[in-house]
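Atom set for the values below is all heavy atoms of this structure, side chains included, hydrogens, waters and symmetry mates excluded.
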Amino acid sequence: MMTPTGGEGAEKMDAEDGVNCSDYEHDIENEESGGYWSGIYDRNMAHTMPLLMKRANTTSQIAIVGANPCPIESLDYEIFDNEILKNDWRSKKKVQIIHYVMLKWGFALLIGLGTGLVGFFNSFAVENIAGFKLLMTTGLMSKHRYLDAFLAYAGANMCLAAAAAALCAFIAPAAAGSGIPEIFGSILGVSAGFVVGKEGPMVHTGACIASLLGQGGSHKYHLTCTWLRYFKNDRDRRDMITCGAAAGVAAAFRAPVGGVLFALEEAASWWRSALLWRTFFTTAVVAIVLRVAIQFCATGKCGLFGEGGLIMYDVSSANITYSASGIFAVLLLGAIAGILGSIYNYLVDKVVRTYSIINGKGAFSKISLVVTIALLTSCCYYFLPWIAKCIRCPSNSTVICPSVDESGDYKSFQCPPGYYNDLASLFLNTNDDAIRNLFSPRIIKEFHITSLFIYFATIYCLGIITYGIAIPSGLFIPVILAGAAYGRLFGRLFETITELDRGLFALLGAASFLGGTMRMTVSLCVILLELTNDLLLLPLVMLVLLVSKSVADSFNKGVYDQILKIKGLPYLEAHAEPYMRNLVTRDVVSGPLITFSGIEKVANILQALNTTGHNGFPVIDEPPFSDSPELCGLVLRSHLLVLLKEKIFSRDRGFANQRIFQRISTLDFGKAGSGKGIKLEDLDIQEEEMDMYVDLHPITNASPYTVVETMSLAKAAILFRQHGLRHMCVVPKSQGRPPVVGILTRHDFMPEHVLGLHPDIMPHKWK
């Protein structure tokens with residue numbers, strides 16, 4: 001009988017968000033996965049080796065910035081159907097069930113409130129810090145102190161960048177891209193002028209808030225509540241984290257429906273109707289919190305954070321007329337954006353791999369790289385506007401020209417009175433204000449073609465080289481910036497054949513770039529519509545998203561899929577690979593298989609736990625407890641550790657009595673957060689107890705998912721993903737054989753594993 005020995009070592013890599021990895025560093029599973037993966041790749045070097053297969057595996061953006069190694073475990077989404085659970089549900093009172101349901105909705109409310117407040121605080125701090133920096137620079141330039149203005153601008157950016165990098169390098173490495181301290185790291189990074197956004201950190205911040213509630217608080221900071229113990233299971237925690245991720249998108253873009261669709265399309269690999277309602281409720285709470293905050297700031301009590309919020313483009317003043325030439329221009333816009341998006345993803349892949357080597361050398365290297373990129377960005381933002389020519393202010397402008405505040409459509413820069421610098425109006429602004437300027441239809445010819453091309457090329461390149469440095473960062477805003485500049489430039493070039501507004505072209509360019517890089521469609525479409533506050537854009541936005549995604553898919557995968565590949569995380573696609581139709585489940589299991597008897601010796605259990613890193617073990621009943629060997633079910637490693645720690649042993653080899661239900665309950669098997677679960681070294685088993693017996697039936701899942709060994713591997717992969725499984729038992733087709741052939745985990749469905757076992761199979765490109 002065979003089982004995937006390495007599968008358990010690799011399937012641990014699909015983690016919930018917000019887990020503190022420092023407590024996992026010595027996990028036994030980390031010991032066996034490396035050797036297995038190296039063996040697979042020795043047999044199949046034709047595949048591009050994921051970056052983290054060469055190095056220690058890490059979680060979140062630690063994979064990019066090279067922080068301390070941390071194994072990641074798969075989650076037990078399946079409800080474990082054992083006697084302990086059944087007895088617990090039978091004993092529950094109606095008031096307890098009502099309490100449980102009310103807590104779920106209460107947590108959704110708390111997640112929405114917390115994420116909404118964090119999102120507002122993030123935007124409030126960024127606008128004020130960046131606004132003060134820009135006001136200082138503009139003030140010095142108005143006095144013709146150009147060198148002092150550059151030194152102040154670059155110095156402020158480098159200090160903010162160094163602070164964000166130090167936060168990631170020394171205090172919380174998980175904040176580099178995602179993590180709890182990114183609330184401040186993201187503020188510093190975005191305020192430093194980097195071509196990054198706050199939506200990525202906001203998504204993970206929401207997930208962290210949800211995870212903190214789901215695991216009963218933080219043991220590390222002594223913030224725990226015993227009444228939260230009902231949610232110490234992966235199923236409920238996953239649902240809350242999904243709500244948190246959706247709330248993060250809603251807080252970043254004021255797009256509640258877009259947040260729900262983002263979680264459905266991109267974040268969650270398993271969905272159900274009850275989760276849809278709670279996620280929608282959570283994002284609605286976020287929208288209300290942000291609306292109240294923006295109304296409060298409209299009174300002028302929030303400093304430089306004004307009334308505009310995140311509604312970047314109002315199409316009510318733009319006339320949208322369709323024509324054959326206009327549709328042709330939009331189609332061409334989407335096709336070119338698909339090509340540029342695929343190139344963007346390819347270059348990001350190369351840059352991330354390079355930065356990982358640099359960041360792996362230590363904290364000083366991380367901070368040095370961040371400061372270098374900050375200096376390069378500051379030089380580009382300050383010196384490139386000198387290339388642009390001064391343009392006379394339009395006589396029919398409804399806004400002040402040149403602008404006198406920290407943001408605006410018309411930056412004077414070095415120009416004389418009555419003139420403005422269009423390139424400085426883009427560079428010397430916050431990212432949100434630059435997008436507003438590009439999307440704005442109010443002014444007819446405020447951006448010269450040359451200026452738009454310079455801005456697009458600069459943002460495109462800076463966005464590539466900035467991603468992967470040790471700061472909390474998001475990809476949405478850089479892509480929107482580059483796409484908006486590309487779309488506005490495209491509109492200027494094709495203004496003779498189409499009547500579509502240039503601001504509308506900027507929005508379509510941003511949509512097409514998002515489709516070409518991230519390959520999302522529905523959620524992006526709704527997010528953009530919520531940002532622009534008008535449904536008239538729906539047909540054109542849908543069109544460019546579909547065209548750009550289709551073109552880009554012919555070259556490579558989306559940027560998120562590529563980052564998952566770089567990290568070596570075994571993410572299961574929604575579809576099965578074509579070559580899996582030619583294989584059956586028994587073709588990918590490997591061994592040896594470790595099984596337990598229904599009533600097993602303590603010594604045998606300890607030996608299996610010490611010598612393997614498996615998280616699931618088949619339990620087989622044999623005579624005299626059954627007429628013939630039969631599969632009793634599946635038992636988890638964590639449940640075995642609880643049983644051993646409680647020392648529920650007997651000297652006779654027989655079934656446990658009912659007193660076991662008085663000693664342990666389902667709450668004892670709750671999954672502890674932040675690595676505080678029971679470990680082997682926590683057990684205190686005496687020598688005389690080694691020969692005693694443990695009845696595994698009360699903790700055994702009596703109805704595990706099983707497939708016959710002749711089932712198509714493609715069909716098994718679809719079942720595995722759709723049901724959110726961690727283990728799938730493979731049973732024999734014929735009688736007279738052992739009752740279980742092996743166990744499939746997510747690792748066994750990965751192309752690297754399958755093609756490593758069967759290198760003669762040619763993978764096909766088309767699904």
Write down the atom of [X], the atom of [Y], and the distance for their closest heavy-atom approach.
X	Y	answer
Gly193	Lys133	N-NZ, 3.9 Å
Leu188	Ala163	CD1-CB, 3.7 Å
Pro478	Ile459	O-CG2, 3.9 Å
Ala161	Val370	O-CG1, 3.5 Å
Ile358	Ser365	O-CB, 3.3 Å
Lys198	Asp432	NZ-OD2, 3.3 Å

Backbone N or O of [Y] within a donor-acceptor pair of the [X] side chain at under 3.5 Å?
X	Y	result
Ser473	Ile469	no
Arg746	Arg726	no
Ser191	Ile187	yes
Ser356	Val352	no
Arg637	Gly616	no
Asn345	Thr517	yes
Glu199	Ala252	no
Glu265	Met520	no
Thr115	Gly112	no
Arg254	Ala251	no

Inset, instruction - Let me see the working for Val260 and Val257 under side-chain contact (heavy atoms from CB on, under 4.5 Å), right down to the final yes or no. - result: CA-CA 5 Å; Val260 175; Val257 180; 5.6 Å; no
Inset, instruction - Classify the side-chain pair Tyr344/Asp349 by whether it contains a donor and acceptor separated by less than 3.5 Å. - result: no
Inset, instruction - Classify the side-chain pair Thr242/Asp239 by whether it contains a donor and acceptor separated by less than 3.5 Å. - result: no
Side chains of [X] and [Y], heavy atoms from C-beta outward: is any pair under 4.5 Å?
X	Y	value
Arg278	Phe107	no
Leu475	Met518	yes
Leu275	Phe280	no
Phe476	Phe253	yes
Ile480	Phe513	no
Ile477	Ile435	yes
Leu109	Phe281	yes
Cys297	Phe120	yes

Inset, instruction - For atom CH2 of Trp105, decide whether the heavy atoms of other residues, nucleotides or ligands shown that lie under 6.0 angstrom number more than 12. - result: yes
Inset, instruction - Not counting sequence neighbours, which residues clear ring pair (Phe, Tyr, Trp, His ring centres under 6.0 Å) with Phe720? List them please. - result: Phe749
Inset, instruction - Output yes when Asp682 and Lys645 qualify as a salt bridge under the 4.0 Å nitrogen-oxygen rule, no when they do not. - result: no
Inset, instruction - Go through the steps for Glu573 and Lys557 under the test salt bridge (charged side-chain N to carboxylate O under 4.0 Å, His left out), then give the verdict. - result: CA-CA 12 Å; Glu573 298 286 351; Lys557 291 187 176 183; 3.7 Å; yes
Inset, instruction - Determine, step by step, whether Thr377 and Asn157 satisfy the side-chain contact (heavy atoms from CB on, under 4.5 Å) criterion, reporting the C-alpha distance in whole Å, the side-chain angles of both residues, the deciding distance to 0.1 Å, and the verdict. - result: CA-CA 9 Å; Thr377 303; Asn157 285 343; over 6 Å; no
Legend entry - Verdict with supporting geometry, Leu641 and Lys679, side-chain contact (heavy atoms from CB on, under 4.5 Å): CA-CA 7 Å; Leu641 290 172; Lys679 298 180 176 62; 5.8 Å; no
Inset, instruction - List the steps and the verdict of side-chain contact (heavy atoms from CB on, under 4.5 Å) for Ile111 and Val286. - result: CA-CA 9 Å; Ile111 293 169; Val286 173; over 6 Å; no
